[in-house]
Amino acid sequence: MKVGLLQCDDVNERLLPAHGNYPDMFELALRKRLPQMDYRIYPAHKGELPGDPHECDLFVITGSKHGVYEELTWIRALEGFIARLWNERKPLIGVCFGHQVMATAMGGEVRKSDRGWGVGVSFNQILEPKPWMQPAQDKIDLIVSHQDQVVELPPQAQVIAGSDFCPNYLLQYGDHFLSVQGHPEFEKGYSEALMDMRSLTIPPARVRAGKVSLHAAVDSDLMFDWIINFVQQARG
């Protein structure tokens, strides 16, 4: 399988030595499940996108420090490419910023949530079980790091999982687009390092709660299993 990573940010240089960059995180998780994959990185945040939606069998959009509502040329170009993937029925997975930019490209709305920062582990209930959710589970708990949320759903989107804090947490569009607000690629050590780095921005009580939440089990491996199941189903 040819997998194209649409990279939308880089790990802060202070955290790179210990945690690697975002393409490394995704490759580690994906190669466990697709050991023979042909992995290609497209630095979308630097203006590089595939010339053809058929260059890869699957595309994955990473997180980013940017908001999808920022007037940046590369974000508008990415939204245009997402629309092309939808029309060509190409499988696409979005994570955090990827989840949000898929929503805006498809006609939804994203903005900073009045609920504030989501950090640490988020706890979410499955609302619409799907056949690709194997092994089956009634919750999906993942590491998060976000202020923005999808607040208005695109017409094609179905909410698969959510919580009171983030109602539109896991979305499916048709049978070939899937996106999640959480970060299944993040390790707990990276989550804690991010909270420390942003401690002047995130309220102290939220940081403390976020760090405590890291003691909970996470469903990162399960989420990647579900992603692969979803893509295989989408490809027939």
Visitor: Is it the case that the side chain of Asn12 and the backbone of Arg14 share a donor-acceptor pair, with hydrogens and angles ignored and the cut-off at 3.5 Å?
Guide: yes
Visitor: Report, one line per pair, each donor and acceptor closer than 3.5 Å where one atom sits in a side chain of residues 74-86; sequence neighbours left out.
Guide:
{"unit_1": "Arg76", "atom_1": "NE", "unit_2": "Glu79", "atom_2": "OE1", "d": "2.8"}
{"unit_1": "Arg76", "atom_1": "NH1", "unit_2": "Glu70", "atom_2": "O", "d": "2.9"}
{"unit_1": "Arg76", "atom_1": "NH2", "unit_2": "Val68", "atom_2": "O", "d": "2.5"}
{"unit_1": "Arg76", "atom_1": "NH2", "unit_2": "Glu79", "atom_2": "OE2", "d": "3.4"}
{"unit_1": "Glu79", "atom_1": "OE2", "unit_2": "Thr104", "atom_2": "OG1", "d": "2.7"}

Visitor: Using only heavy-atom distances, determine whether the side chains of Ser163 and Tyr169 contain a donor-acceptor pair under 3.5 Å.
Guide: no
Visitor: Do Gln172 and Trp132 get their side chains close enough for a donor-acceptor pair, meaning under 3.5 Å?
Guide: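 Present: a donor and an acceptor within the cut-off.
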Visitor: Hey, are the side chains of Leu142 and Ser220 touching, using non-hydrogen atoms and a 4.5 Å cut-off?
Guide: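 Leu142 vs Ser220: side chains touch.
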Visitor: Would you give the length of the straight line joining atom NZ of Lys65 to atom CG of Leu194, rounded to the nearest 0.5 angstrom?
Guide: 11.5 Å
Visitor: Could you tell me whether the side chain of Lys32 and the main chain of Glu27 form a donor-acceptor pair under 3.5 Å?
Guide: no
Visitor: Closest approach of Ala161 and Ile126, non-hydrogen atoms and distance?
Guide: CB-CD1, 3.8 Å
Visitor: Any side-chain to backbone donor/acceptor pair from Asp219 onto Asp141? Under 3.5 Å, distance only.
Guide: yes
Visitor: Counting only N and O atoms by type, is there a donor-acceptor contact under 3.5 Å from the side chain of Asp148 to the main-chain atoms of Gly67?
Guide: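 Pair absent, no side-chain N/O of Asp148 close to backbone of Gly67.
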Visitor: List the atom pairs, with distances to 0.1 Å, where a side-chain N or O of residues 50-58 and a protein N or O form a donor-acceptor pair under 3.5 Å, not counting sequence neighbours.
Guide:
{"unit_1": "Asp52", "atom_1": "OD1", "unit_2": "His54", "atom_2": "N", "d": "2.8"}
{"unit_1": "His54", "atom_1": "NE2", "unit_2": "Glu88", "atom_2": "OE1", "d": "3.0"}
{"unit_1": "Glu55", "atom_1": "OE1", "unit_2": "Arg40", "atom_2": "NH1", "d": "3.3"}
{"unit_1": "Glu55", "atom_1": "OE1", "unit_2": "Tyr42", "atom_2": "OH", "d": "2.7"}
{"unit_1": "Glu55", "atom_1": "OE2", "unit_2": "Gly51", "atom_2": "N", "d": "2.9"}
{"unit_1": "Glu55", "atom_1": "OE2", "unit_2": "Asp52", "atom_2": "N", "d": "3.3"}
{"unit_1": "Asp57", "atom_1": "OD2", "unit_2": "Lys2", "atom_2": "N", "d": "2.7"}

Visitor: Which heavy-atom pair separates Leu15 from Ala193 by the least distance, and what is that distance?
Guide: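 Smallest heavy-atom distance, with atoms named: CD2-CB, 4.0 Å.
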Visitor: Can you give me the closest heavy-atom contact between Ser122 and Val144, atom names plus distance?
Guide: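 Shortest heavy-atom separation between Ser122 and Val144 comes out as OG-CG1, 3.3 Å.
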Visitor: Students often mix this up, so state it plainly: with edges at 30° and 60°, are the rings of Phe186 and His183 parallel, tilted or perpendicular?
Guide: parallel
Visitor: For Asn168 and Gln149, does a side-chain donor sit closer than 3.5 Å to a side-chain acceptor?
Guide: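 The answer is no; no qualifying pair exists.
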Visitor: Got a donor-acceptor contact below 3.5 angstrom from the Tyr173 side chain to the Pro154 backbone?
Guide: no
Visitor: Looking at side-chain heavy atoms only, is the closest gap between Met195 and Leu214 below 4.5 Å?
Guide: yes
Visitor: Looking at His176, is its backbone amide N or carbonyl O close enough to the side chain of Arg89 to form a donor-acceptor pair, meaning the two atoms are under 3.5 Å apart?
Guide: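 Absent.
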Visitor: Considering all heavy atoms of both residues, which atom of Gln181 and which atom of Gln100 are nearest to each other, and what is their separation?
Guide: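 So the two residues come closest at OE1-NE2, 3.1 Å.
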Visitor: Between Trp226 and Lys139, which heavy-atom pair has the shortest distance, and what is it?
Guide: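 Looks like CH2-O, 4.3 Å.
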Visitor: Closest approach of Tyr69 and Arg111, non-hydrogen atoms and distance?
Guide: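 Taking every non-hydrogen atom into account, CE2-CA, 4.0 Å.
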Visitor: Examine distances only and state if a side-chain atom of Glu187 and a backbone atom of Gly189 form a donor-acceptor pair shorter than 3.5 Å.
Guide: no
Visitor: Could you tell me whether Asp196 and Lys211 have a side-chain N and a carboxylate O separated by less than 4.0 Å?
Guide: yes
Visitor: Quick one: ring pair (Phe, Tyr, Trp, His ring centres under 6.0 Å) pairs with a partner in residues 191-215, sequence neighbours left out?
Guide: none
Visitor: Do any N or O atoms from the side chain of Arg31 and from the backbone of Phe26 form a donor-acceptor pair under 3.5 angstrom?
Guide: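 Here the side-chain-to-backbone pair does not exist.
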